[in-house]
Engineer: 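Dropping a structure here in structure tokens format, bear with me for questions.
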Amino acid sequence: MEKKNCLILALDVTDRENALRIANEVSEYVDSIKVGYPLVLGEGLGIVKELAELAPVIADFKVADIPNTDRLICEHVFNAGADAIITHGFTGRDSLDSCVKVAEEYDRDVYVVTEMSHPGGVEFFRPVAETIAQMAADAGATGVVAPATRPERVRDIRKIIGDDLHIISPGVGAQGGSAADVINAGADWVIVGRSIYNSNSPADAAMKICNEMKC
Ligand code: O7E
């Protein structure tokens, strides 16, 4: 993913018409569009191809299964036109290796969740976040997902992975995180959903976040 605006749109609307309208309105401000279960379960995987015409698509399926099932999921998602996939890391190195191998075959990206941004994200992830981040680096992942709601954790995780891996960071706006703070803490991109797609003017909301970050 090319870094221009440091902003990824989390497009968690559930219908095609809204999704395409919002994506069109904000495409000049975002470097990528993240699509997950809400939209794909609502409209089918075909929506990925339509959105990929506007911006690279990150498929957020938080893949968390045995290596063979992970491989099948990644193949489907990349064949559908996604540029990147998001996986969990707690399933272990062999499962992550399977995703990375498929991504290499397709020349696509893999991002691994370390610690999640919501309050419950500390319950189980906190003790293992650094270990997962190290595993992502060892496995050759493109980058990791770390919480914008806790910039200090982004700093901790940046120390583990060094400069080679990217950090993409959700939790800005609706979850209370600040885009500028988390970029200063070492994130490469912020992921923003509701503050943009629920706004009366998604383009203005996206532009405002870009201006805050001065990326
Ligand atoms: O709070 P919002 O509306 O700005 O949306 C945030 C998006 O990021 C939403 O799609 C949510 O599922 C996702 N997310 C988190 O909010 N926290 C996390 O820890 C991880 C993710 C996520 O996207 O993981 C993969 C990048």
Side-chain angles (χ1 to χ4, degrees), residues 1 6-14 18-19 22-23 26 29-42 47-48 51 55-64 70 73-74 77 82-91 96 99 103 108-126 128-129 132-133 136 141-154 156-157 161 165-179 181-183 185 187-199 202 205-206 208-210 212-213:
M1 166 170 43
C6 298
L7 178 60
I8 297 168
L9 170 67
L11 195 49
D12 293 327
V13 296
T14 53
N18 251 331
I22 293 162
V26 306
Y29 301 109
V30 301
D31 294 341
S32 181
I33 299 171
K34 184 180 82 71
V35 170
Y37 293 110
L39 183 53
V40 169
L41 292 177
I47 192 72
V48 169
L51 291 168
V57 171
I58 300 179
D60 177 12
F61 292 125
K62 299 191 180 71
V63 182
D70 283 1
I73 295 168
C74 290
V77 161
D83 209 60
I85 191 151
I86 290 170
T87 83
H88 271 303
F90 61 74
T91 42
L96 177 56
C99 294
R108 310 288 164 88
D109 292 329
V110 175
Y111 294 93
V112 184
V113 177
T114 58
E115 180 174 302
M116 294 190 75
S117 60
H118 61 309
V122 299
E123 287 176 26
F124 295 101
F125 280 109
R126 171 61 58 82
V128 293
I132 290 175
T142 314
V144 299
V145 183
T149 45
R150 295 177 216 106
E152 73 283 3
R153 295 297 287 148
V154 171
D156 294 341
I157 284 160
I161 61 173
L165 268 71
H166 292 144
I167 298 180
I168 60 177
S169 189
V172 165
Q175 295 181 52
S178 142
D181 287 355
V182 76
I183 292 290
D188 295 285
W189 281 275
V190 294
I191 299 170
V192 185
R194 284 165 287 179
S195 301
I196 295 177
Y197 66 71
N198 281 343
S199 162
K208 196 165 160 249
I209 295 165
C210 290
E212 268 168 44
M213 291 189 287

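Just follow the structure's listing: the first ligand is 1, and inside any ligand the first atom is 1.
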Engineer: Between the main-chain N or O of I8 and the side-chain N or O of D31, is there a donor-acceptor pair closer than 3.5 Å?
Structural biologist: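 Judged by distance alone, no pair lies under 3.5 Å.
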Engineer: How far is atom 6 (C) of ligand 1 from the closest protein heavy atom, and which atom is that?
Structural biologist: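 The closest one turns out to be Q175 NE2, 3.7 Å.
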Engineer: Nearest to atom 17 (N) of ligand 1, what protein heavy atom do you find, and at what distance?
Structural biologist: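 Here the closest protein heavy atom is S117 OG, 2.6 Å.
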Engineer: Please state which protein non-hydrogen atom is closest to atom 21 (C) of ligand 1 and give its distance, to 0.1 Å?
Structural biologist: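 The protein heavy atom lying closest is P170 CG, 3.5 Å.
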Engineer: Pick, from L39, I86, T149, D60, the option with the minimum heavy-atom distance to atom 26 (C) of ligand 1.
Structural biologist: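 Minimum heavy-atom distance to atom 26 (C) of ligand 1 goes to I86.
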Engineer: Any side-chain heavy-atom pair from M116 and H88 closer than 4.5 angstrom?
Structural biologist: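 A side-chain contact exists here, since the closest heavy-atom pair is under 4.5 Å.
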Engineer: Can you find a non-hydrogen atom of K62 under 4.0 Å from ligand 1?
Structural biologist: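 For ligand 1, residue contact (heavy atoms, under 4.0 Å) with K62 is present.
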Engineer: Are L96 and V110 close enough that some pair of their side-chain heavy atoms sits under 4.5 Å apart?
Structural biologist: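 Sidechains of V110 and L96: in contact.
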Engineer: Please report which non-hydrogen protein atom sits nearest to atom 10 (O) of ligand 1, along with the residue it belongs to and the distance in Å to one decimal place.
Structural biologist: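 The protein heavy atom lying closest is D12 OD2, 2.6 Å.
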Engineer: Restricting to ring pair (Phe, Tyr, Trp, His ring centres under 6.0 Å), what partner residues turn up for Y29, sequence neighbours left out?
Structural biologist: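 Once residues adjacent in sequence are excluded, Y29 has no partner under the ring pair (Phe, Tyr, Trp, His ring centres under 6.0 Å) criterion.
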Engineer: Restricting to side-chain contact (heavy atoms from CB on, under 4.5 Å), what partner residues turn up for S178, sequence neighbours left out?
Structural biologist: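 Scan of S178 (side-chain contact (heavy atoms from CB on, under 4.5 Å), adjacent residues dropped) gives A180, D181.
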Engineer: Are any of the N/O atoms in S195 less than 3.5 Å from those in ligand 1?
Structural biologist: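 No - when backbone and side-chain N and O of S195 are compared with those of ligand 1, no distance drops under 3.5 Å.
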Engineer: Just to confirm my output: which protein heavy-atom neighbour is closest to atom 7 (C) of ligand 1, and how far is it?
Structural biologist: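 Closest protein heavy atom to atom 7 (C) of ligand 1: A10 CB, 3.8 Å.
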Engineer: Check whether any N or O atom of R194, backbone or side chain, sits under 3.5 Å from an N or O atom of ligand 1, and answer yes or no.
Structural biologist: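 Among all N and O atoms of R194, at least one is under 3.5 Å from an N or O of ligand 1.
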